[in-house]
Trainee: 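What follows is a structure written as structure tokens; I'll ask about it next.
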Amino acid sequence: MPELPEVETTRRGLAPHLEGRIVSDVVLRRPDLRWPIPPEIRALLPGQRIDSVRRRAKYLLLDTESGSALLHLGMSGSLRVLPADTPVEAHDHVDLNLADRGRSKGRVLRFNDPRRFGCLLWQPPGQVHELLRGLGPEPLSDAFDGDYLFARSRGRKAPVKTFLMDQGIVVGVGNIYAAEALFDAGISPLREAGKVSRERYGALAEAVKRILAYAIERGGTTLRDFISPDGVPGYFELELSAYGRGGQPCPRCGKPMKEGAIGQRTTVWCPRCQR
DNA sequence: CTGCTTCCCTGACGGC
DNA sequence: TGCCGTCAGGGAAGCA
């Protein structure tokens, strides 16, 4: 379940292997992932040079002159650069074969996604894909801060955790990091978004930035399904204070952490430290 | 517009 | 050991 840090780690891992390389061939073993894979992927991508590998929210974009391949890893997706003769395994849905270049011969960018919540779509040059419209700011950008959260939250009755996970408010804060940031900022995930003060939103924005930046620095969280782009399993254990610790003692006060569902998502918080 | 629910999919895990 | 039910989770879509 890649969250933003895992996607950014993937981007950084892939970029040196992909940028400047020509896509020689596209192999689709399924016609669809979450959505049908559009015909442009087969029709326009072969022969194109990948100019840059970008990230927007949890989407990756492979930019070429004829357009951009838009990838989302969903819950269980991974991208790896492998020798072209690597045997295909279960759930290897898409290959982008890369043309030889110097000593770097016969490689393939392989997209594996057991649960198929991911997608591979196409964005024409100069356009912004429908899915990327209406997204909130990047959490690590200057546009995202406490004042911004405060302004956007006025009148919102939804729990602050739901608000924080709304991609139209800020992108890339999934269930794990939302729980961690709220713990860090001492805010109850149940609190009405519109009733959190400006000052506390300042603390929350800082917590989000700190936690995401740290996770990126560490190469993404542990995440069961995450595999780093060079094929090494990315099992970094990030010390999580809240997520997955229901019933266990609060790392700050020792009182048992509470666990419950907020908006159909499991949440853990400390009833004493988070108000 | 906000907010709530449902659904997609498969592997992991617990219970019998 | 094997079968089966349940859960997880990003986020779009549909509905109130």
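Proteins come first, then strands; the chains are lettered A, B, ... in the order of their sequence lines, and each starts at number 1. All values below were derived from every heavy atom in this structure, side-chain atoms included, with hydrogens, water molecules and symmetry-related copies excluded.
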Trainee: Once you apply a heavy-atom cut-off of 4.0 Å, does A:F163 come out as touching a base, just sugar-phosphate, or nothing?
Mentor: nothing
Trainee: What's the closest nucleotide to the side chain of A:N175 if the choices are C:dG11, C:dA12, C:dG10?
Mentor: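 Of all the options, the side chain of A:N175 is nearest to C:dG10.
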Trainee: Let me know the distance between CD of A:E259 and P of C:dA8, rounded to the nearest Å.
Mentor: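 Between P of C:dA8 and CD of A:E259: 8 Å.
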Trainee: Quick check for you: among C:dA12, B:dC9, C:dG11, whose closest atom lies nearest to any side-chain atom of A:H72?
Mentor: C:dG11
Trainee: For A:L44, which residues count as a side chain to side chain contact (heavy atoms under 4.5 Å, CB included) partner, sequence neighbours excluded?
Mentor: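 If we apply the side chain to side chain contact (heavy atoms under 4.5 Å, CB included) test to A:L44, skipping adjacent residues, the hits are A:E40, A:S66, A:W122.
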Trainee: Of the non-hydrogen atoms in A:I41 and A:L121, which two are nearest, and what is the gap between them?
Mentor: CD1-O, 3.6 Å
Trainee: Give the C-alpha distance, both sets of side-chain angles, the deciding distance and a yes or no for side-chain contact (heavy atoms from CB on, under 4.5 Å) between A:V170 and A:V208.
Mentor: CA-CA 10 Å; A:V170 59; A:V208 167; 5.7 Å; no
Trainee: Rounded to whole angstrom units, what separation is found between the CZ atom of A:F117 and the C1' atom of B:dC9?
Mentor: 5 Å
Trainee: Looking at the side chain of A:M165, which of B:dG11, C:dG10, C:dA12 is the nearest nucleotide?
Mentor: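 Minimum distance to the A:M165 side chain belongs to C:dG10.
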Trainee: Nearest whole Å is fine: how far is C:dG10 C1' from A:L33 CG?
Mentor: 14 Å
Trainee: Separation of A:D113 atom CG from C:dG11 atom P, in whole Å?
Mentor: 13 Å
Trainee: Using rotation axes that map the C1' atoms of four end pairs onto the next four (five pairs an end), what angle separates the end axes of the helix from B:dT2-C:dA16 to B:dC16-C:dG2, to 10°?
Mentor: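 For the helix from B:dT2-C:dA16 to B:dC16-C:dG2, the axes at opposite ends meet at about 40°.
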Trainee: Can A:R29 and A:D95 be counted as an ion pair, charged N to O under 4.0 angstrom?
Mentor: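 Yes.
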Trainee: Counting primed atoms plus P, OP1 and OP2 as sugar-phosphate and everything else as base, spell out the protein contacts along nucleotides 2-7 of chain B at 4.0 Å heavy-atom distance: B, S or - for each nucleotide, 5' to 3'.
Mentor: SS-SB-
